[in-house]
Novice: 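Input: one structure, supplied below.
Atoms within a ligand are numbered from 1 in the order they appear, just like the ligands themselves. The model shown is predicted, which means the values in this text are computed figures rather than measured ones.
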Amino acid sequence: MEISMEQEAHSTKNSAAIAESCRDQVEKSAASLAQSLGAVAVFVFGDLSLENMPPQIPVINISLHLKTVIEKLSFMKQDDPSHIREMAKNLTREAEGNTSMLQTAAAIEYALGSINLGVVIGIVHFHESYSIVVHNMAESGTIRLLRECEKRVSPETLRSVLHLSLGIATKGREGKKVGTAFIIGDEEEVMNRSHQMILNPYRSQDTEETNINRRDNWESVMGFSQLDGVFIVSATGKILAAGRYLDVDTRDLSLEKGLGTRHLSSASITRDTIAIAVIVSESGGTVRMYMDGKEVLFIDPMQSVLEIDGEKMT
Ligand SMILES: Nc1ncnc2c1ncn2[C@@H]1O[C@H](COP(=O)(O)OP(=O)(O)OP(=O)(O)O)[C@@H](O)[C@H]1O
């Protein structure tokens, strides 16, 4: 059957109208869900501008770098008998992917102090498909671990270290990539299990200059991040040392492949003490947090658009 040009133009117009209506309805539904559930934030993955959102609910945009299974679907032969079954499986995987993306994004924003605990809504727009995901942060395993970390060290200190670490991971120093680690809390024990590699720049400084929670000290911390070794920080945010070597036994701890000795020794000290470690990888540009020898949080700043101090980091 031949389709006339007029029919084709009509169908294109129709399809554009349907697409617009879909986006409109998804946005309205998400806004209404966010309102009725008292959501603490709405995360948008993909290309959407949420104009109908209640003004008191923050909207956080996360770019979508993940290649989804839908992309793979376009390579599948339409006449494949397993097509439908495969598509259902892929959609399930896709939904799981969206859920875990939202959980991770919410945990990162919580750790950075940008949002409170509560319900978050995620809207995913990719390849003309939309998903709305509702996540109760209180039920999340990562959030439970982060709250445990906050019992050991002050939340303010944890946030300051995370902000600094993301700054170091994304900006480096003088055009060079930088790797470092912050060992926070249980300071007496950590100091006993480590030694100076070089003269400690914080040895005789007064309290205000060693307070990691003061933003005007961050520039100098970023400077000292070029020193080899790790920073030792008290549970309340006093920097006790930089350029410190951790004397730990790393033999029984196995981490993800590719992680080197600084990751391994920082993770080990959290297994042997009740300290928390935040590590910036020079080679990967990533940030990892450890407690009790296990990874609590992983942030790859290149995978998501994060807003740090009002500045976009990609
Ligand atoms: N136990 C330790 N305490 C403090 N610093 C250490 C310790 N072990 C290694 N380092 C320092 O960490 C630096 C990085 O080492 P390495 O590349 O093996 O670690 P890594 O975990 O792969 O870090 P990155 O991902 O940044 O490369 C080295 O310069 C080394 O001196």
Novice: Between the protein and ligand 1, are there any N or O atom pairs that come within less than 3.5 Å of each other, and if so, what are their names and distances?
Specialist:
residue	atom	partner	partner atom	Å
ligand 1	1 (N)	Leu246	O	3.0
ligand 1	1 (N)	Ser265	OG	3.0
ligand 1	3 (N)	Leu246	N	2.9
ligand 1	18 (O)	Thr261	N	3.0
ligand 1	18 (O)	Thr261	OG1	2.7
ligand 1	19 (O)	Thr261	N	3.4
ligand 1	19 (O)	Arg262	N	3.2
ligand 1	21 (O)	Gly260	N	3.3
ligand 1	21 (O)	Gly260	O	3.4
ligand 1	21 (O)	Arg262	N	3.3
ligand 1	21 (O)	His263	N	2.9
ligand 1	21 (O)	His263	ND1	2.6
ligand 1	22 (O)	Gly260	N	3.0
ligand 1	25 (O)	Ser281	OG	2.6
ligand 1	25 (O)	Ser283	OG	3.2
ligand 1	26 (O)	Glu282	N	2.6
ligand 1	27 (O)	Ser283	OG	3.4
ligand 1	29 (O)	Asp228	OD1	2.8
ligand 1	29 (O)	Asp228	OD2	3.1
ligand 1	31 (O)	Asp228	OD1	3.1
ligand 1	31 (O)	Asp228	OD2	2.6

Novice: According to side-chain hydrogen bond (donor to acceptor under 3.5 Å, both in side chains), who are the partners of Tyr290, at least two apart in sequence or on a separate chain?
Specialist: none

Novice: Starting from Leu240 and following side-chain heavy-atom contacts under 4.5 Å between hydrophobic residues (I, L, V, M, F, W, Y), which residues can be reached?
Specialist: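 In the cluster with Leu240 are Ile183, Val190, Met191, Val230, Ile232, Leu246, Val248, Ile269.
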
Novice: Around atom CD of Glu208, are there more than 12 heavy atoms of other residues, nucleotides or ligands at under 6.0 Å?
Specialist: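 Yes, CD of Glu208 has more than 12 neighbouring heavy atoms, counting only those of other groups under 6.0 Å.
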
Novice: Taking side-chain hydrogen bond (donor to acceptor under 3.5 Å, both in side chains) as the test, write out the residues that go with Gln25, two or more places apart.
Specialist: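 With neighbours one apart ignored, the set is empty.
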
Novice: Is it true that Glu189 and Arg193 have a side-chain N and a carboxylate O under 4.0 angstrom from each other?
Specialist: yes

Novice: Pairing donors with acceptors under 3.5 angstrom, does anything connect the side chains of Ser160 and Asn213?
Specialist: yes

